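Just so it is clear: chains get the letters A, B, ... in the order the sequence lines come, proteins before strands, and each one is counted from 1. Quick caveat: nothing in here was measured; it's all calculated off a predicted structure.
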Amino acid sequence: MKIERHDTDILILGTGGAGLFAALHAQQSAPAAKVTIAVKGLIGKCGCTRMVQGGYNVSLGTGDTVERHFMDTIKGGKWLPDQDMAWKLCEQAVVRVRELENEVGCFFDRNEDGTLHHKAFAGQTADRTVHKGDLTGIEIINRLMEQVLARPVEKMQEHRAIGLIPTRDGSALSGVLFIDMRSGGFRFVRAKAVLMATGGGPTMYKYHTPSGDKTMDGLAMALRAGLPLRDMEMVQFHPTGLLAGDHTKMTGTVLEEGLRGAGGHLLNGASNRFMFDYDALGERATRDVVSRGIFAEMRKNNASPGGGVYISMAHLGPETVAKKFKGMVKRCADSGFDLAGGKVEVVPTAHYFMGGVVVDADTRTAMEGLYVAGEDAGGAHGSNRLGGNGVANSTVYGGVAGDVMGADIAGMSALRDPDEAVLSAEIDRARRPLSKTPGFVNRLRHGLQEAMWDDVGVMRTEAGMQRGVTRVADIKADLMETGVAGDTLAFNLTWHDWLNMASLCDVSAVIAKAGIARENSRGAHFREDFPQEGDLDGSYYTVARQTGDDLTVTREPVQFTIVRPGETILPESEPETLVAAE
Amino acid sequence: MTELRLYMAQRLSALVMAPLVLGHIAVMIYAIQGGLSAAEILGRTQGSVLWALFYGSFVIAVSVHAAIGLRTILYEWAGMRGGVLNGVALGICALLLAMGLQAVYAVTAT
Amino acid sequence: MTNDLTESVAEQSDPLEVSVWRSAGDGGAFQAFKVPAQDSQTVLDVVAWIQQNEDPTLSYRFACRVGMCGSCAMMVNGQPRWTCRTHVRKVLDGNRIEIAPLRNLPVIKDLATDMDPFFDKWVAAEGVFHPSKSRDDAIEQINPASAPRARADAGIECINCSICYAACDSVASDPEYLGPAALNRAWTLFNDAKDDGAGVILDAVSAKGGCHACHSMGSCTHACPNELNPMASIAGLKREIAKSFFKRGKA
Amino acid sequence: MIRPHRTHPLWFAFIVHRISGIALALFLPLHFWILSYALNAPERLDGFLHWTDYPLVKVAEFGLVFLLAVHVFGGLRLMALEWLPWSANQKTLAAAAVGVSLLISGTFFLRAL
Ligand SMILES: Cc1cc2nc3c(=O)[nH]c(=O)nc-3n(C[C@H](O)[C@H](O)[C@H](O)COP(=O)(O)OP(=O)(O)OC[C@H]3O[C@@H](n4cnc5c(N)ncnc54)[C@H](O)[C@@H]3O)c2cc1C
Ligand code: HEM
Ligand code: SF4
Ligand code: F3S
Ligand code: FES
C-alpha cells in the first residue's frame with residue numbers, strides 16, 4: 001500500500017473553535033515552526049462551532065465575576081467537573097473574548113450605550129452570554145477562518161484523520177495517518193506536537209444536532225491508542241430538535257431554546273400541555289428536565305404522529321414570533337413548517353458530548369506529543385455543559401493548546417519515527433470494507449441510531465444499557481462484514497460513511513458501558529433504576545480504557561481542588577443570583 | 001492605465017455626454033420636422049464655434065467611452081488579453097476620434 | 001442484502017426524475033435517477049438518497065444541514081442554491097430536478113467543487129480583520145445604531161456559500177474578478193469602526209479584478225440565500241473609491 | 001442564453017445596456033462617415049438623408065434613438081447606483097429608464113411622420 005509521507009512541527013486536527021485558535025496561537029508562540037492544519041471538511045466550514053447559536057459565556061457583565069461563572073459551571077456539572085479545568089475555562093474566557101473582539105475581529109451584539117450585551121442561559125446566575133444575534137458561531141468561525149486562511153499555515157483540507165500512530169515503544173506519538181479524501185490516498189504526517197480537536201459529536205443517536213462530519217473519530221482513535229477517556233456516559237440532549245421524518249437531514253436540527261424561554265408551549269399528541277406534570281417551571285425548566293419530560297410523554301403513547309411532541313408559538317401572535325425568531329421561522333418554512341402560526345413537531349436530540357480524553361489544564365494527555373482540546377477533551381463540564389460554555393471551552397483550550405505546543409516543541413529536537421506495524425494495521429482497518437461484498441452502510445447507521453436512542457438515550461436502566469451493548473456489538477459485527485465498492489476511492493463518501501460508522505460503533509459501546517458503571521443520576525445521565533444523585537462528597541467520574549479488545553471502566557474520585565460540595569467561593573455578601581426574575 | 005483610471009474615464013466621459021446626448025436628441029426632434037436635408041443641417045452648424053465645441057467634445061468623450069466599453073467586452077466575451085487588448089482598444093479610440101473629428105470638421109467648417 | 005428502498009421507488013407511482021452531473025474533474029455528463037418523493041424533502045436529501053441507495057460512488061459535500069456552513073451549494077435546475085435548505089417542492093419542474101456542481105468553480109468530482117479560488121479571493125480582497133488593539137485592551141464601546149455599524153451589519157451574516165459567486169456572470173467572464181462575497185466582506189470591514197485597514201482595503205478592491213469588474217448585474221443579490229445585498233456593498237466600495245479618487249487623485 | 005440564474009430585472013438591465021452600447025459603437029463610425037460627406041459631397045449626404053423618408057429607415061432610426069436613450073438612462077442609473085448612496089429602488093429606476101427612453105424616442109418618431 002502506497003502511503004505518502006509528510007513532516008511538520010505542529011499538526012492540528014479540526015477547524016472548529018479549538019483547531020483554529022490553536023493554529024493562531026501556535027504561530028504566535030512558535031513563529032518559526034511549521035504549522036499544519038488538517039480537517040475532514042473545508043477549513044472553518046465544518047464542525048459545530050459554526051453552528052453555535054445562543055452565544056459565549058464570559059463574566060464581563062455587570063456584577064459578574066470569574067468566581068460566579070466558575071460556581072455556576074461546577075454546580076451545573078453536578079460537582080463532577082475537573083475544577084482546575086473549569087476555573088481556567090472561566091478565567092481565560094475573559095481574555096479570549098477580548099482577543100476575539102480586538103484581534104480576530106468579531107463583533108458581538110452591543111447595548112445601546114455601546115457596551116457588550118449579555119443574556120442569561122438557563123442555569124446561570126448572571127447575564128453572561130455574549131452573542132451575535134442567534135448566529136454567534138458564524139461570526140466567530142468566519143473571523144477565525146479568515147485569519148487562518150491569510151496566514152502561512154499549511155492547509156490540508158478534506159483530509160480525514162484515521163489513526164494516531166505512536167512510536168515503536170509506545171511512549172509518544174509519532175504522527176497521524178490520514179485519508180486524503182479527494183484522491184482516496186493515504187498520507188502519514190509526522191509532527192512534534194499534535195492537537196486533536198475533532199469535536200466529539202454524539203451523532204450515533206436517531207436524533208442529533210451536530211454537523212454531518214462529526215462522528216467521534218477523535219475519541220475512537222484515542223481509544224485505539226489506549227488513552228483514558230472520562231465521563232463517557234454524559235450525552236447532552238437538547239429538548240427541541242425538529243422532527244420531519246427519517247428521510248431528511250433536517251430531522252434533529254435544533255429549534256432554539258429561546259422559543260421556550262419566550263413562552264412557547266409544548267403540546268402532546270392530544271394537543272395538551274404536559275410539562276407542568278413533570279416540573280414546576282413547565283417549559284422553562286432546564287434542558288435535561290424538559291428532554292426527560294418529552295421522552296416520558298412519548299413513552300406514554302401521547303406522541304404526535306411523527307413520534308414526538310409539538311411546539312406551539314401561535315398564542316404569542318404569529319407576527320411577533322416571525323419577527324423575534326426570524327431565522328428559526330424561515331428555517332422551518334424552508335422545510336415546509338409554519339413555526340409562527342402552526343404547530344411544529346419536535347423531539348429531544350443529542351447535542352453535545354461532555355465526555356472525552358483525560359487531559360490536564362494545559363491540554364496535555366498521557367501520551368507525549370498528543371494534546372486534546374475542545375469537545376474531544378473531557379473534564380471541564382462534568383456531567384452537564386451549560387449553554388454558552390461549549391464555545392468558551394473550545395476557544396479557550398484551543399488557544400491554550402497552541403501556546404503550550406509552541407512552547408513544548410522548543411524542547412523536542414527531532415521528529416519521532418512511527419511504529420510501522422501500527423501504521424499498516426490502521427491502513428488495513430480502513431481498507432477492510434473494500435474487499436467485502438458491498439452492502440448498505442446507511443441502514444446499519446439507522447440501526448445503531450435506533451439502538452442508542454432506545455437503550456442508551458434520555459432515560460437509562462441497567463437492563464436497557466446491557467441490551468444496548470449487545471445491539472451495538474451486533475451492528476458492529478454486521479459492519480465488519482459489510483463492504484464498500486472500491487473501484488474509485490476519490491471522494492468516496494460511502495467509504496467514509498463506513499469509517500464514520502466504525503468510529504460511532506466503538507464509541508457507542510463505551511457510552512453504554514460507562515453508563516452502566518455510573519449508578520446514580522447526575523446532569524445528563526439519568527438512571528431510572530438509580531434516580532438519586534448519590535453522595536456528592538464521594539462523587540466519582542468514570543474512566544474508560546481499551547487494551548486490546550478489552551474495555552474497562554473504572555471510577556475515579558473527583559478531586560475538589562477549589563471548592564467542596566455545599567461550599568462556595570463567592571463572598572458571603574454576594575446574592576444567590578444577579579438575574580432579574582421574569 | 002490602471003483599471004481604476006479606465007473606470008473613472010469611462011464614467012466621466014459618460015457624464016460629459018449625458019447633457020450632450022439630451023441636447024442632440026432635442027435638436028434632432030426639432031430639426032426633423034419637415035424632413036432632413038443637408039442644407040438644413042449645414043446651415044445651422046457651418047461656421048459655428050459653439051456647435052464645433054459641442055460636437056467636438058461629444059466626439060472626444062464618445063471615443064474614450066466606447067473604446068473603454070468595447071475593451072471590457074473584448075476582455076470578457078472574446079477572451080482578449082494584455083497588449084492585444086490594449087492595442088485594439090487604442091485603435092478603436094483612434095479610429096472613432098479620427099472619423100468623428102473629421103465629421104465635426106465637415107459639418108462645422110466654412 | 002435487499003434494497004427495500006429501491007423497491008419502494010418502483011412501487012411509487014410518481015417518483016422524482018433527477019438528473020445528476022457526474023464528472024471526475026473535467027468533462028462529464030448528466031445521469032438519470034428515480035428518487036422516491038417524500039413530504040419534507042430537501043434537494044440535499046435527494047442527493048444523499050441516491051448515494052445511499054442507488055449509486056454509492058456519488059460525491060457531494062455538506063456539513064451543518066441547516067444553512068449555516070455554506071458547503072452544500074449546487075446548481076439546481078440552473079440556479080445556484082443551498083441544497084440543505086431548499087425544499088424539493090420549491091424547485092420541482094414538473095417532476096424533474098437537474099442537479100449540477102456550483103458554477104464558476106473547478107469541479108473535484110460530481111457535485112463537489114474546489115472552493116479554494118473563492119477563499120483565495122476573499123483574502124486577496126483584504127477580507128481579513130486588521131486589528132488596532134490587543135487582547136489586553138478593553139472591548140471597544142461601539143454604538144450599535146451608528147450608520148457605519150448598520151452598514152457593516154447588513155452584510156455580516158455571510159456564510160461564504162459561494163452562491164453569489166456562482167450566479168455572477170462577471171465572475172464567469174473575468175477569472176481575476178474577486179467576486180461579490182469577497183467584496184461584500186471587504187465592505188463590512190471598511191465600515192467596521194474597529195478595523196484599521198480602510199486604506200489597504202480600498203487599494204485591494206480598486207486593483208485589477210476589483211470592484212470595478214462588477215457590472216451591477218445583481219444576480220448575487222438575487223441569489224443570496226441569506227438575503228444579503230453584495231451588489232449594494234460593491235456599490236458602496238465604488239462610491240468610496242470615487243470619493244478618494246477625486247480627493248487625492250488616487251484610490 | 002437566458003439561463004435561470006439570469007431571470008431577474010437587473011440582469012436584463014445589464015444586458016440591454018451592454019447590447020445597446022455595442023450597437024451604438026457599431027453605428028457610430030457609420031454615422032461619422034455619412035456626416036463627413038457634408039464637406040466634399042453634400043449632395044450625397046442629401047441622398048442618405050432622403051432615405052429617412054422610407055418607413056424601414058424610420059424604424060431603424062427609431063431603434064437607434066431608442067438604443068441611445070436606453071443606454072443613457074441605463075448609464076445614469078448605474079452611476080447613480082454606484083456613486084449616490086444606495087437606494088433600494090433599483091428595479092423601479094431600471095423600469096423608469098426604459099419607460100422614459102421609450103417616451104423620448106416615441107416623440108421623436110411621431111413628430112418625424
Ligand atoms: C446546533 C448547535 C448549537 C450550539 N450552540 C452552542 C451555543 O450557543 N453555545 C455554546 O457554548 N456551545 C454551543 N454548541 C456547542 C459548541 O458548538 C461546541 O461545544 C464547540 O463548538 C466544539 O468546538 P470544537 O472545536 O471542539 O469542535 P467543532 O467545532 O465541532 O470542530 C471539529 C472539527 O474537527 C473536524 N474533524 C472531525 N473528525 C475529523 C477527522 N477524523 N479528521 C480531521 N478532522 C476531523 C471537523 O470537521 C471539524 O472541523 C452548539 C452545538 C451545536 C451542534
Ligand atoms: C453614442 C454614445 C455611446 C456609445 C457608443 C457607448 C458605448 C458603450 C459601450 C460599448 C459600453 C460597454 C458596455 C458594457 O461594458 O457592458 C458602454 C458602457 C457604459 N456606458 Fe456608454 N456609450 C455611449 C453613450 C453613453 C452615455 C451618454 C452614457 C451616460 C450617460 C453612457 C454610460 C455608460 C456607462 C456608465 C457604461 C459602463 C457600464 C458598465 O461598466 O457596466 N454611455 N458604453
Ligand atoms: S453573500 Fe450570500 S450568497 Fe454570497 S457567499 Fe455570502 S451568504 Fe453566500
Ligand atoms: S452578480 Fe456580479 S456583476 Fe456585480 S452586482 Fe453581483 S457581483
Ligand atoms: S449543509 Fe451547511 S449550508 Fe447546507
- [ ] Flag the pair K132(A) and D153(C) as a salt bridge only when some basic side-chain nitrogen lies within less than 4.0 angstrom of an acidic carboxylate oxygen.
- [x] yes

Open item on the list: Looking at R98(A) and E101(A), is there a salt bridge between them, counting it only when a charged N and a carboxylate O are closer than 4.0 Å?
Closed with: no

- [ ] Could you look at D109(A) and say if it's the side chain, the backbone, both or neither that has a heavy atom under 4.5 Å from chain C?
- [x] neither

Open item on the list: Please classify the contact of L58(C) with chain A as side chain, backbone, both or neither, using a heavy-atom distance under 4.5 Å.
Closed with: backbone

Task: Residues D196(C) and H130(C): side-chain donor-acceptor under 3.5 angstrom - done: no

- [ ] Say whether, by atom type as modelled, one donor and one acceptor occur between the side chain of E103(A) and the main chain of F129(C) under 3.5 angstrom.
- [x] no

TODO: Please state whether the side chain, the backbone, both or neither of D114(C) comes within less than 4.5 Å of a heavy atom of chain A.
DONE: side chain

Open item on the list: Strictly distance-based, threshold 3.5 Å: is any side-chain N or O of R110(A) a donor or acceptor partner for the main-chain N or O of L116(A)?
Closed with: no

Task: Heavy-atom contact with chain A under 4.5 Å, split by part of Q52(C) - done: both

Task: Pairing residues for H131(A) by the ring-ring contact (aromatic ring centres under 6.0 Å, His included) criterion, not counting sequence neighbours - done: H117(A)

Open item on the list: Taking side chain as everything from C-beta outward and backbone as N, CA, C, O, which of these in T115(A) sits under 4.5 Å from a heavy atom of chain C? Side chain, backbone, both or neither.
Closed with: both

Open item on the list: Using heavy-atom distances under 4.5 Å, tell me whether E227(C) contacts chain A through its side chain, its backbone, both, or neither.
Closed with: side chain

Open item on the list: Taking side chain as everything from C-beta outward and backbone as N, CA, C, O, which of these in D116(C) sits under 4.5 Å from a heavy atom of chain A? Side chain, backbone, both or neither.
Closed with: side chain

- [ ] Quick one: which of S132(C), A145(C), A138(C) has the most heavy-atom pairs under 4.5 Å with chain A, could you say?
- [x] A138(C)

Task: Under 4.5 Å from any heavy atom of chain A - which part of I142(C) - done: both

